[in-house]
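Quantities reported herein were computed from a predicted structural model and do not represent experimental measurements. Here is the naming used below: chain letters follow the sequence lines, and residue numbers restart at 1 for every chain.
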Amino acid sequence: SIKVAVASNFKTTLIEIAALYEIETGQKILISSASTGILYHQIQQGAPFDLFLSADLKRAKLTEDSNKGVSGSRFTYAQGRIAFWAPKHADFVNADTLQKFKGRIAIANPKLAPYGLATEQTLNNLNLLQQFSYVQGANISQTYQFIDSGNVKAGFVAYSLLLEHQGRNFFLIPTSYHQPILQQGVLLTGSKKSLEVYNFMDYLTSTTIQRLIRSKGYLTIKYVN
Amino acid sequence: MLTELDYSAIILTFKLAGLTTLILLIISPPLAWWLARSRFVLRPFIEALVALPLVLPPTVLGFYLLISFSPDNFIGGLWLRLTGDTLAFSFIGLLIASVIYSLPFVVQPLQSAFVNLDKDYLEVAATLGFNSTETFYKVVFPMVLPSFIIAGALGFAHTVGEFGVVLMIGGNIPGETQLLSIALFDHVETLQYQQAHLLSFGLLAFSMTLLVLIYGVLKKRQQRMIDA
Amino acid sequence: MLTELDYSAIILTFKLAGLTTLILLIISPPLAWWLARSRFVLRPFIEALVALPLVLPPTVLGFYLLISFSPDNFIGGLWLRLTGDTLAFSFIGLLIASVIYSLPFVVQPLQSAFVNLDKDYLEVAATLGFNSTETFYKVVFPMVLPSFIIAGALGFAHTVGEFGVVLMIGGNIPGETQLLSIALFDHVETLQYQQAHLLSFGLLAFSMTLLVLIYGVLKKRQQRMIDA
Amino acid sequence: MLKFNLKKSAQHKLLFHFQGQVELQGICAVFGDSGAGKTSFFRVLAGLDNTFCGSLECLGKTWQDNATFIKTEKRHIGMVFQEPRLFPHLDALGNLKLAMKKTVNSLYTIAELAALLDFEPLLNKKTQQLSGGQKQRIAIARAILTGPDLLLMDEPMSSLDQHSRELLLPFIKKLSERIPIIYITHSMQEVFYLSQKMILINQGEIESIGCPQSLFLNLDLSLAKHNHSGLIVNVQAVHWDDEFSVLHGLIDQQTILVAMEKPLSLEDISIKIESKDVILATQKLEFSSLQNCLRVRVEQIEHLPTSSVLLTLNTGNQKILAKITIKSLYELKLTVNQNIFAYIKAMSISAFDS
Amino acid sequence: MLKFNLKKSAQHKLLFHFQGQVELQGICAVFGDSGAGKTSFFRVLAGLDNTFCGSLECLGKTWQDNATFIKTEKRHIGMVFQEPRLFPHLDALGNLKLAMKKTVNSLYTIAELAALLDFEPLLNKKTQQLSGGQKQRIAIARAILTGPDLLLMDEPMSSLDQHSRELLLPFIKKLSERIPIIYITHSMQEVFYLSQKMILINQGEIESIGCPQSLFLNLDLSLAKHNHSGLIVNVQAVHWDDEFSVLHGLIDQQTILVAMEKPLSLEDISIKIESKDVILATQKLEFSSLQNCLRVRVEQIEHLPTSSVLLTLNTGNQKILAKITIKSLYELKLTVNQNIFAYIKAMSISAFDS
Ligand SMILES: Nc1ncnc2c1ncn2[C@@H]1O[C@H](COP(=O)(O)OP(=O)(O)OP(=O)(O)O)[C@@H](O)[C@H]1O
Ligand SMILES: Nc1ncnc2c1ncn2[C@@H]1O[C@H](COP(=O)(O)OP(=O)(O)OP(=O)(O)O)[C@@H](O)[C@H]1O
Ligand code: MOO
Ligand SMILES: [Mg+2]
Ligand SMILES: [Mg+2]
């Protein structure tokens with residue numbers, strides 16, 4: 001079996017993919033999830049993973065550049081999208097809603113989470129950074145919980161989460177408002193099964209799977225629609 | 001080296017830990033006293049309830065607190081109506097969570113001291129004309145003072161080290177809910193190792209000093225008992 | 001409702017908590033005894049060291065453990081040479097971390113009980129011909145049995161609730177290092193609320209039962225003291 | 001007045017039943033064997049044991065009945081426990097000061113008691129540094145300092161040396177003129193010296209309440225076992241000699257003088273004659289300080305270990321015992337049924353002299 | 001043999017200095033005022049206080065010197081503490097069983113002691129349910145059950161009633177034939193009944209070691225204050241009468257008989273004559289059980305409270321005291337410098353009879 005360390009936000013999707021993969025190849029995928037930061041530290045200290053699916057480009061690249069990652073193996077498996085979500089908003093939520101919104105919103109911590117960074121860039125582009133006060137989630141799912149639990153009226157969350165949980169009343173932020181949230185993977189040097197891992201990496205980037213990923217609320221590199 | 005945010009996190013943390021300890025030292029003694037003496041049928045149940053924050057992973061505890069703090073739910077709604085503010089992401093919310101979270105650490109040593117207290121002395125106190133309250137303050141309290149100090153120190157230390165809960169309900173608002181433990185976590189996560197080490201070291205040095213001081217004081221008292 | 005992984009996490013958690021409690025109940029009594037009685041100058045310092053896991057945020061503690069478990073560093077390197085395996089991301093590593101993390105919870109109640117123990121009884125034991133070890137096992141241990149039970153329960157409960165540390169050094173590997181608290185956290189993180197509620201409720205029910213049982217047993221003993 | 005009818009059962013077995021009443025004035029002694037229930041009696045009086053049912057009335061107040069239970073702290077009692085029970089976290093002075101926290105008016109100050117009970121140099125000692133007798137004295141002072149309406153003392157002299165006893169006994173007797181005291185003791189001497197009333201407890205029950213002398217003389221009570229060293233005789237009072245403070249009385253029509261404190265009225269009394277205080281003679285002894293001479297008939301001669309003999313003597317209708325050496329027995333050639341003289345010093349009859 | 005020279009100081013002040021030696025055979029009494037240092041002496045003997053310096057040798061073994069300190073558990077002693085100190089988590093039987101864990105050979109079984117000390121019905125009681133005296137008896141049994149080489153008893157009778165004392169004292173005396181006992185007490189009666197040797201402790205020091213009688217008679221010792229009730233006189237031994245177990249001796253050339261146990265050799269002794277046991281006469285008394293008659297001169301007449309008088313009498317070179325009623329004084333018309341007869345029952349001289 002292959003041990004995959006995956007950023008929490010992609011975990012549910014990966015479970016589905018792994019199930020399909022097992023049916024097709026009989027190969028088992030063991031999934032370990034945590035925040036990208038924690039996974040990165042663990043890998044740096046020799047965690048016995050085969051493949052690292054980071055939620056960003058930065059940590060994947062750092063890993064590839066360190067002696068823990070196989071150089072040249074880095075690849076993008078998905079591109080995240082963010083949405084402005086105001087679940088209790090009376091009207092249809094659009095760009096205007098965002099412009100006019102006042103008060104406190106929830107965002108992911110820009111320092112920790114790539115979705116947070118994208119959120120910050122978006123708000124900056126729209127010149128809205130000073131318009132709100134913020135509560136920050138350590139990651140994007142915490143941010144989702146802040147809003148979902150009713151403690152905050154609105155905020156920026158991953159589009160994938162909204163799709164997964166049938167969230168309504170959101171405005172999908174155009175990708176041009178921020179730098180792409182590239183979720184990248186990298187093969188780890190400690191792996192004794194690099195062949196199998198390469199196979200799985202191919203599978204991840206295969207058309208079928210990329211389509212599946214797209215249906216979960218991500219963009220994909222090869223087949224951007 | 002340390003940023004302004006780090007300093008404000010340090011100040012906030014001590015404010016929170018101090019207030020939490022204060023509140024705990026007010027509510028725990030009667031609770032522990034009751035737990036140590038009561039014959040009420042539900043006592044073990046309430047005892048277990050107090051001990052619960054020990055068993056639940058802090059993030060999970062935080063998650064449930066987040067839900068109950070929501071204006072849609074009873075507590076959070078009540079609070080919103082009373083103060084016009086949400087309980088989550090506020091200092092008060094953190095304070096409430098910290099009190100719940102650290103409660104067993106203060107109640108346990110007190111209760112254990114109360115249970116071990118020789119009933120003979122309480123009888124003497126009654127013959128000296130002290131009612132239960134007076135007995136508690138004039139006899140029990142001074143007799144178990146070392147346990148009070150330990151209890152307070154544990155409560156304080158545990159609040160300083162609190163992380164999961166704060167992460168869940170704090171919202172990381174600088175100067176309001178951004179605590180030392182979270183700042184430290186941020187530094188680790190963002191690979192700012194130097195700041196992380198510095199903060200860790202500071203926290204360590206401080207805690208060590210505090211604990212060494214407390215245990216030093218206790219040692220004197222303890223030694224007296226050993227010597228006598 | 002619960003997945004196979006959840007079940008394996010539950011089993012693993014109880015295995016870890018059970019072993020941790022066992023180890024703690026072996027090493028803590030002598031340590032607590034020493035801390036309660038010694039006049040060594042560095043005693044408060046060692047006392048503070050034991051209490052340290054209380055102050056450091058668990059993730060930070062985990063981070064430093066992760067670093068020292070790394071094969072590049074002394075402990076991890078030594079372990080690798082001895083066993084051919086890494087300490088981090090293994091059950092043994094988790095066990096070591098849990099023992100360190102839960103140590104103060106077991107040592108504290110024991111130490112407090114030992115300090116409160118009337119020295120008179122130790123003198124009697126000596127005149128009965130018992131040396132220190134015999135005195136400990138034949139007199140001290142049965143006298144402070146309730147504190148042992150409390151200490152064991154706290155250690156167990158706290159290990160079950162352990163999260164930050166195991167997240168850091170466990171690596172969340174299903175069946176190997178994926179514990180209940182992490183599984184629970186995962187469910188919360190991935191917004192699988194139903195599973196999260198179910199697991200939380202199970203954990204709650206279990207802990208409540210355990211604690212109610214323990215406190216029920218203690219209550220009987222305690223009541224005897226109150227009655228007498 | 002202390003009036004009580006209190007019962008305690010466990011598992012359908014009656015453990016204790018205390019019933020009786022006694023005037024609270026001066027010192028009331030409580031006497032009884034180890035395990036008889038003296039301390040248990042104190043605990044229910046003090047309100048420390050609320051598992052008794054029944055009624056308890058003290059100094060005009062109902063302390064306990066079906067509807068009432070006055071808590072210990074409201075009973076205004078001072079208590080000296082069987083063990084000192086000093087607070088270990090305070091020094092001697094701290095213990096005494098604490099006792100005065102709720103005191104309205106105390107008969108003594110700490111300094112006065114320190115002088116009276118001889119513990120001035122101990123005031124700043126930790127309780128762990130005090131000897132057994134020192135702790136006991138501090139505990140006595142502590143109970144007095146609460147300024148109680150009633151003082152309960154459980155064997156307060158048990159760990160004191162003769163010197164301290166001689167210091168404390170007169171003090172306690174004097175104190176009892178202002179605070180009524182109930183006093184548990186195992187010492188007959190203390191009973192006789194201190195008290196005019198005695199509660200006799202036996203096997204969890206009040207066996208009898210009365211004047212100590214009459215209780216000790218009553219052969220029907222559990223106290224009878226104390227009497228092998230002498231017997232009690234009834235004395236018919238004839239007249240009180242105020243000059244010498246001596247009662248003139250009759251035992252079976254024979255004159256006897258009893259040195260004692262002035263009685264309130266001229267009443268027949270009982271006295272205990274110690275067997276070793278009886279001197280036997282075959283002829284009258286003149287010109288001696290021996291005041292009392294009884295004509296007696298030897299009823300029985302019993303050899304004891306340690307070369308002494310015990311003679312049972314008949315004064316007519318009553319009996320006394322005499323213990324003499326075998327040598328005297330042989331020299332006087334005493335035989336059963338012989339009529340002889342028994343002399344008793346008047347000094348030997350008074351109960352207690354310290 | 002117990003040989004010790006032990007000192008304890010604090011802040012440059014000598015607190016205790018115990019020096020002396022005593023044969024360990026039978027019972028050695030330790031006597032002294034409250035706070036004199038008796039318990040402290042026991043603690044250093046038992047090895048419970050290691051802050052003393054000096055040397056201690058017991059039964060041929062060095063227990064303490066500059067280089068050695070044998071721990072308590074290696075000294076094979078049994079100890080009855082001043083308080084019972086029963087383990088609260090065990091019942092009476094549990095306490096006794098625990099004491100036998102390290103016992104090699106015990107003179108008694110638990111059942112035997114339960115019968116001897118009368119606590120059979122208490123074996124299954126929790127220690128908190130025992131009365132003061134009951135605890136004390138269990139504690140005594142516990143110390144005996146360890147099968148010690150030496151038994152230390154700190155006021156073991158203090159909370160016992162007369163009945164229990166009478167039960168225990170002969171038992172302890174008998175026990176001492178097999179295990180040497182050191183015994184702290186405040187009771188002169190116990191000292192005289194139990195022991196042939198006595199250690200007198202005063203103000204932290206061993207004041208004297210010797211036979212109890214001679215110590216009580218020595219006016220230079222701190223015990224002198226006990227002597228107002230009588231004085232000690234020296235008796236020159238003349239011959240031992242085995243038939244009556246009586247010593248014939250001389251006080252200032254006048255014959256005196258002392259009832260006592262057979263002495264090892266014919267030696268001069270000292271006796272205490274209780275002032276209230278002295279009978280005065282202006283003429284010789286014949287045909288009585290009074291064995292001892294001394295010709296004396298009245299030296300001083302002192303009026304006491306309670307209508308009695310104390311006369312100091314001179315036997316030639318020595319003095320005795322006599323306490324009589326004022327009435328006798330007047331009737332005998334006694335005056336200072338008068339020559340009279342002083343009679344003492346032989347029974348009154350023997351120290352203790354239970
Ligand atoms: N809490 C208790 N539960 C059950 N029995 C008890 C309890 N306390 C005392 N007893 C029993 O009651 C009886 C009376 O005890 P108490 O202490 O009143 O005796 P006492 O007369 O004071 O004796 P002493 O002179 O030895 O102190 C004893 O047989 C004792 O074992
Ligand atoms: N740990 C201690 N530190 C300092 N002084 C002490 C300590 N223990 C006892 N003392 C003092 O030493 C003296 C002797 O005490 P000890 O207990 O030996 O007396 P004791 O002869 O046994 O008296 P008692 O008959 O009252 O029991 C007392 O004045 C006491 O205050
Ligand atoms: O899954 Mo992330 O690393 O919190 O965006
Ligand atoms: Mg009693
Ligand atoms: Mg003593």
Visitor: Which heavy-atom pair separates B/D72 from A/K88 by the least distance, and what is that distance?
Guide: OD2-NZ, 3.1 Å
Visitor: Nearest 0.5 Å, please: how far is OH in B/Y193 from NE2 in A/H41?
Guide: 4.0 Å
Visitor: Could you have a look at B/N73, B/I67, B/V188 and say which one has the most heavy-atom pairs with chain A under 4.5 angstrom?
Guide: B/V188
Visitor: Step through the shown structure and confirm whether more than 12 heavy atoms of other residues, nucleotides or ligands are within 6.0 Å of NZ on A/K153.
Guide: no
Visitor: Any chance you could measure A/I147, atom CD1, to B/S70, atom OG, to the nearest 0.5 Å?
Guide: 12.5 Å
Visitor: Identify which part of A/I107 has an atom lying under 4.5 Å from any heavy atom of chain B, answering side chain, backbone, both or neither.
Guide: neither
Visitor: Locate the shortest heavy-atom distance separating B/M168 from A/F146; write the atom from each residue and the value.
Guide: O-CE2, 2.9 Å
Visitor: Give a yes or no answer on whether the side chain of B/T86 reaches the backbone of A/N151 with a donor-acceptor pair at less than 3.5 Å.
Guide: no
Visitor: Tell me whether the count of non-hydrogen atoms from other residues, nucleotides or ligands lying under 6.0 Å of CD in A/Q179 goes above 12.
Guide: no
Visitor: Can you tell me how far apart CD1 (B/I173) and OH (A/Y134) are? Round to the nearest 0.5 Å.
Guide: 12.5 Å
Visitor: Roughly how far, to the nearest 0.5 Å, is the CG atom of A/N109 from the CD1 atom of B/I182?
Guide: 9.5 Å
Visitor: What closest approach, in Å, do B/P71 and A/G150 show between heavy atoms, and which atom pair accounts for it?
Guide: CD-O, 3.2 Å
Visitor: Rounded to the nearest 0.5 Å, what separation is found between the CD atom of B/Q178 and the CD atom of A/Q136?
Guide: 7.5 Å
Visitor: Looking at OG of A/S149 and CZ of B/F69, how far apart are the two atoms once the value is rounded to the nearest 0.5 Å?
Guide: 11.0 Å
